[in-house]
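Labels below follow one simple rule: chain letters A, B, ... track the order of the sequence lines, proteins then strands, and each chain is numbered from 1. In this text the structure is predicted, and so the values were computed from the model without any measurement.
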Amino acid sequence: MRRGEPAAAARALSVVTEERPGHEELSRLLFSDHGRSHTVGLCGSPGSGKSSLINRLVAHFRKRGETVGVLAVDPTSAFTGGAFLGDRLRIQEHALDKGVFMRSLATRGMMGGLNSTIFAAIHVLEAYGVQRLIVETVGTGQDEVDVAEVVDTVVCVTAPYQGDEFQAMKAGTMEIGDVFAVNKADLPEVERTVAALKDALSLAPRKGGGWAPRVTPVSALSSKGVTELGNDIVEHHAHLEASGELRERRRRQLRRELSLVISRRLYRDALERVTEGHIDLLSANKADPQTLGGKLLAGKNRK
Amino acid sequence: MVSAHRVLIAKPGLDGHDRGAKVIVRALRDAGFEVLYTGIRQTPEMIARTALQEDVEAVGLSLLSGAHMTLCPKVVDLLKKEGLGSMLVFGGGIIPDEDVPALKKKGVSGVFGPGTPTEEIVNFLREHLDAPKAAKKPARARGAKR
């Protein structure tokens, strides 16, 4: 895979994202390549045009001669466990480009717009050797701030008619964006949306390293503004490196990755100990969830 | 926990009618599969490369153009070239009955015409994909019975 063999990267991604046997060992081996790629996360509500924008951004980065990876997350049905991974079809024009590797992932029960194995998947593509790694979250909207602890640069995608200046004043994604892409700039209201965002951001405290978030109108439809948006992303990366903020963010990512691994293991082990007998105890009022949950978690320590 | 099976639905060639493909995508999603769709007007090369990157277990080809005898075997051949010779390939759309034996001979394991109940396709996929994920032996035994 480190020789740039796409089939190997594809299989490694399956092993880590499906937690197949050996995934822990594979993740351990790949970790030495962590931090090699500039990771860029795109968030925004469903239908704001994240995938279509990624399609344009991939073309932009390829023109700069960079290799690009894309990890796109779509929701798993809470009812059937199935998923329609529909981001890929917007990006298919790059299917034959050997400098682009794209993989679609399902959330599989993780909240916050990202899959719990996202860090392992990122490390696979870092080892494979992509220079820019774009992560597309599921479009969950207002409160999807997890991505800020996963990637180096956060791009919030919005569009005209998605809210006025009061929407822009709310907490949530407005606080995490390094770059705001106002997509669908071919629509007439775009200037008002850009102004409302700029106004709201002008009152916000500066981000780490003194970066002032950019607001850029762009049209994934016509490609207008894509160069500017691409430049914003590249300049933000340069700023992160120059200001030392990159090191800070990488530390935050590692902390998050470690805590995800811990909670995933605790959660999985404790849940495997849950039996119908425990539910019987609860329904007969012979135990309460707090005490029983504590006991089940502690069971691990006694082993 | 057993992960969901990943299946790619693809539209090779020039026809732009993908109502059928969308129905299949939706039916498979509701049956618990992780389904990818390429969109319309894909070359066999794009489909094979996508199957490789996404590491899917099956590829479903939907054609209404009449070019199935050319395009379906081409996809099968390219999958082999990418090292995916064991990929389960199935097809659907407007495919005359007399073409089905030839397609099957060329590696298209199942052909489903208009009006096929979606459960039939779901069962076909489960039959082929569930077995290898579990043990190898029962898979062969089940295959022998059929």
**Report entry** chain A contacts, top residue of B/R29, B/E45, B/R26 (heavy-atom pairs, under 4.5 Å)
**Finding:**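 Option with the top pair count is B/R29.
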Query raised in the report: Checking B/R6 against chain A: side chain, backbone, both or neither under 4.5 Å from a heavy atom?
Result: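 Only the side chain of B/R6 comes within 4.5 Å of chain A.
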Requested in this report: Counting only heavy atoms closer than 4.5 Å, note whether B/F33 contacts chain A via side chain, backbone, both or neither.
Outcome: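 For B/F33, backbone heavy atoms alone lie under 4.5 Å from chain A.
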Closest non-hydrogen atom pair between [X] and [Y], with its separation:
X	Y	answer
A/R108	B/E34	NE-OE2, 2.7 Å
B/V25	A/F84	CG1-CD1, 3.4 Å
A/A10	B/Q53	CB-O, 3.7 Å
A/G81	B/A4	O-CB, 4.2 Å
B/D30	A/T80	O-CG2, 3.3 Å

Requested in this report: Enter the distance from B/E54:CD to A/L85:CG here, rounded to the nearest 0.5 Å.
Outcome: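 Result: 7.0 Å between the selected atoms.
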Query - Distance (rounded to the nearest 0.5 Å) between A/H94 NE2 and B/T50 OG1 - result: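 That separation rounds to 12.5 Å.
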Max heavy-atom pair count under 4.5 Å with chain B, selected residue of [options]:
options	answer
A/A9, A/G86, A/S104	A/S104
A/A83, A/G82, A/A95	A/A83
A/R88, A/R268, A/E272	A/R88

Query raised in the report: For atom CG of A/L96, is the number of surrounding heavy atoms from other residues, nucleotides or ligands below 6.0 Å larger than 12?
Result: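 Yes.
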Query raised in the report: Would one find more than 12 heavy atoms of other residues, nucleotides or ligands at under 6.0 Å from atom CZ of A/R265?
Result: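 Atom CZ in A/R265 is not crowded, with 12 or fewer foreign heavy atoms closer than 6.0 Å.
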Query raised in the report: Any sub-3.5 Å donor-acceptor pair from A/Q92's side-chain atoms to B/T38's backbone N or O?
Result: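 Absent.
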Requested in this report: Would you mind checking which part of A/V15 comes under 4.5 Å of any heavy atom in chain B, side chain (CB onward), backbone (N, CA, C, O), both or neither?
Outcome: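 Neither part; nothing is under 4.5 Å.
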Query raised in the report: Does any donor atom in the side chain of B/D55 or A/S14 lie under 3.5 Å from an acceptor atom in the other side chain?
Result: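 A pair is found: one side chain offers a donor N or O, the other an acceptor, under 3.5 Å apart.
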